[in-house]
Amino acid sequence: MTLSVTTHASPLVLSLLLLVSIPAVFLLVPRLLPPKTLPAIPDADESDDLALFRRAILSSSSSSAKPATNSFFHRRPTPKVAFLFLTNSDIVFSPLWEKYFHGHRQLFNIYVHADPSSVLELPLTPTFRGRFVPAKATQRASPTLISAARRLLATALLDDPSNQFFALLSQSCIPLHPFPTMYNALLSDNAGPHGRHRSFIEIKDKDWVLHDRYYARGDEVMLPEVPYDRFRSGSQFFVLTRRHAILVVRDMRLWKKFKLPCLIERKDSCYPEEHYFPTLLDMQDPDGCTKYSLTRVNWTDQVEGHPHTYRPGEVSARLIRELRKSNATYSYMFARKFAPECLEPLMEIADSVILRD
């Protein structure tokens with residue numbers, strides 16, 4: 001009798017266990033399996049960058065360690081501005097930049113990081129020839145844009161010790177003032193600690209995007225290196241001083257967090273290039289930063305994370321004068337985003353408006 005009851009009960013018990021286990025599987029499996037993320041930076045790219053960064057740091061250290069010479073007989077090198085162009089297409093506005101740079105060859109250097117998949121069809125103008133750095137693939141919603149900017153900074157640090165300012169721009173940027181106006185603004189600003197020059201970088205601690213973007217990689221991923229109350233936002237286009245460029249290239253602590261890929265389900269909140277630089281500099285040297293950018297961007301009618309793109313019909317002397325206006329100490333020196341078709345109308349007002357204050 002007992003044997004009969006046990007025989008009949010076994011299937012029932014198994015059925016109950018099966019019914020209980022199915023929901024448990026659905027609840028536990030997502031917790032046990034790693035969440036799906038966007039592609040990570042390839043290890044080979046990371047290794048190449050680390051080697052480049054080490055060389056840049058060693059070179060900068062050796063340059064700063066050289067004994068001071070008698071300033072009566074040896075003048076310090078004239079500071080230069082390193083223009084860092086981050087692009088994935090032709091530098092359509094190079095004819096305008098040629099006009100901008102003309103006559104100031106000893107005061108600047110140019111470095112271009114072009115995505116290897118870019119199809120560059122236009123012939124390069126003289127100033128841009130031979131100025132392309134070894135590049136890696138870049139894409140939106142990934143830390144590759146940070147890597148590209150750091151790559152440009154490291155290359156410029158290595159290339160010329162006279163590079164004292166580092167301006168990150170894109171192919172859709174244009175100048176708004178003559179070169180001397182920009183150059184004098186950088187050199188005249190010495191409101192940083194101990195009378196040092198400051199970096200012109202936007203840093204915001206109150207921004208509606210901060211919450212979602214902080215958690216784009218996962219709920220606890222940024223801790224402990226980046227607490228939520230130290231997370232900042234700002235434009236990816238900046239002008240850094242040399243000491244801040246070295247700081248960025250040397251950083252490993254925050255980079256190990258920001259280089260992590262975002263979750264696929266949160267990809268719409270993945271803009272690491274707009275957070276890494278302002279967060280790092282605000283944590284390391286907040287008084288050495290202006291907290292505002294010199295590049296004007298119009299976000300009034302953004303589309304899928306892209307700012308307003310100016311078209312040929314909008315280009316005018318009035319637009320340039322409006323774009324220059326700023327509530328900060330200095331007016332805007334650059335602006336984006338301009339469509340390639342704007343080259344002709346921009347060139348028409350280059351001498352009379354853009355390159356004349």
Side-chain angles (χ1 to χ4, degrees), residues 78-136 138 145 148-149 151-153 155-156 158-160 162-183 186 236-239 294-297 309-312 314-317 319-320 323-324 332-357:
T78 301
K80 294 181 182 180
V81 181
F83 286 83
L84 317 176
F85 286 86
L86 183 57
T87 179
N88 58 9
S89 64
D90 285 305
I91 305 177
V92 176
F93 299 123
S94 60
L96 178 59
W97 287 107
E98 291 289 344
K99 281 181 168 288
Y100 177 78
F101 291 128
H102 181 69
H104 308 290
R105 190 67 195 88
Q106 303 304 314
L107 300 178
F108 72 92
N109 285 306
I110 288 178
Y111 306 88
V112 182
H113 184 289
D115 188 293
S117 64
S118 303
V119 179
L120 305 181
E121 299 177 340
L122 297 177
L124 294 172
T125 53
T127 306
F128 288 87
R129 290 175 193 153
R131 305 310 300 170
F132 284 68
V133 307
K136 308 288 186 182
T138 57
L145 290 172
R151 210 170 288 132
L152 282 164
L153 289 168
T155 303
L158 266 172
D159 181 60
D160 191 342
S162 296
N163 286 333
Q164 295 298 312
F165 299 95
F166 302 77
L168 186 65
L169 302 165
S170 77
Q171 74 272 21
S172 65
C173 289
I174 67 164
L176 293 176
H177 283 280
F179 182 95
T181 302
M182 178 279 308
Y183 186 82
L186 298 182
Q236 72 178 103
F237 300 102
F238 50 65
V239 180
L294 292 179
T295 301
R296 180 73 176 266
V297 185
T309 298
Y310 293 100
R311 303 294 175 183
E314 298 176 88
V315 175
S316 66
L319 174 66
I320 298 301
L323 291 176
R324 289 174 173 175
Y332 287 107
M333 299 294 162
F334 313 105
R336 66 184 296 266
K337 181 176 185 180
F338 284 78
E341 299 78 25
C342 291
L343 176 61
E344 184 176 345
L346 285 170
M347 292 297 285
E348 290 175 356
I349 62 172
D351 293 327
S352 60
V353 179
I354 298 175
L355 303 180
R356 178 176 295 181
D357 285 330

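On a predicted model such as this, the values are computed, not experimentally measured, just so you know.
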May I ask you to test the [X]-[Y] pair for a side-chain heavy-atom distance under 4.5 Å?
{"X": "H113", "Y": "T155", "value": "no"}
{"X": "H102", "Y": "L355", "value": "no"}
{"X": "M333", "Y": "T181", "value": "yes"}
{"X": "Y111", "Y": "N163", "value": "yes"}
{"X": "S316", "Y": "L319", "value": "yes"}
{"X": "I320", "Y": "L176", "value": "yes"}

Check salt bridge (Lys or Arg N to Asp or Glu O under 4.0 Å) between [X] and all other residues, then give those that pass, not counting sequence neighbours.
{"X": "R356", "result": "none"}
{"X": "K136", "result": "D45, D48"}
{"X": "D357", "result": "none"}

If you round to the nearest 0.5 Å, how far is [atom2] of [Y] from [atom1] of [X]?
{"X": "K80", "Y": "N109", "atom1": "NZ", "atom2": "CG", "value": "5.0 Å"}
{"X": "F83", "Y": "M182", "atom1": "CZ", "atom2": "CE", "value": "3.5 Å"}
{"X": "F334", "Y": "H177", "atom1": "CZ", "atom2": "NE2", "value": "10.0 Å"}
{"X": "N88", "Y": "L120", "atom1": "CG", "atom2": "CG", "value": "9.5 Å"}
{"X": "I91", "Y": "S172", "atom1": "CD1", "atom2": "OG", "value": "11.5 Å"}
{"X": "Q106", "Y": "T78", "atom1": "CD", "atom2": "OG1", "value": "8.5 Å"}

- request: Say whether, by atom type as modelled, one donor and one acceptor occur between the side chain of R131 and the main chain of V112 under 3.5 angstrom.
  value: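 Checked: no pair found.
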
Testing the basics here: between [X] and [Y], what is the closest heavy-atom pair and its distance to 0.1 Å?
{"X": "S118", "Y": "S89", "value": "OG-N, 4.0 Å"}
{"X": "L168", "Y": "A149", "value": "CD2-CB, 4.0 Å"}
{"X": "L96", "Y": "P175", "value": "CD2-CD, 3.8 Å"}
{"X": "D90", "Y": "E121", "value": "OD1-N, 2.9 Å"}
{"X": "P95", "Y": "V92", "value": "CD-O, 3.3 Å"}
{"X": "R151", "Y": "P134", "value": "CD-O, 3.6 Å"}

- prompt: Passes side chain to side chain contact (heavy atoms under 4.5 Å, CB included), L86 versus Q236? Steps please.
  reply: CA-CA 11 Å; L86 183 57; Q236 72 178 103; 4.2 Å; yes

- prompt: For F85, what residues pass the ring pair (Phe, Tyr, Trp, His ring centres under 6.0 Å) criterion, not counting sequence neighbours?
  reply: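 So F85 forms a ring pair (Phe, Tyr, Trp, His ring centres under 6.0 Å) with W97, F128.
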
Y332 six-ring face occupied by R324 cation (under 6.0 Å, within 45°):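 No; the conditions do not both hold, so R324 does not lie above the ring face of Y332.
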
Do any side-chain atoms of residues 338-352 form donor-acceptor pairs under 3.5 angstrom with protein atoms, and if so which ones, sequence neighbours left out?
residue	atom	partner	partner atom	Å
D351	OD1	K99	NZ	3.3
D351	OD2	K99	NZ	3.1

field: Any residue meeting side-chain contact (heavy atoms from CB on, under 4.5 Å) with T127, in chain and number order, not counting sequence neighbours
entry: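 By the side-chain contact (heavy atoms from CB on, under 4.5 Å) rule, T127 matches E98, F101, F108, I110.
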
- prompt: Can you tell me if NE2 on H104 sees more than 12 non-hydrogen neighbours from other groups inside 6.0 Å?
  reply: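 Yes, NE2 of H104 has more than 12 neighbouring heavy atoms, counting only those of other groups under 6.0 Å.
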
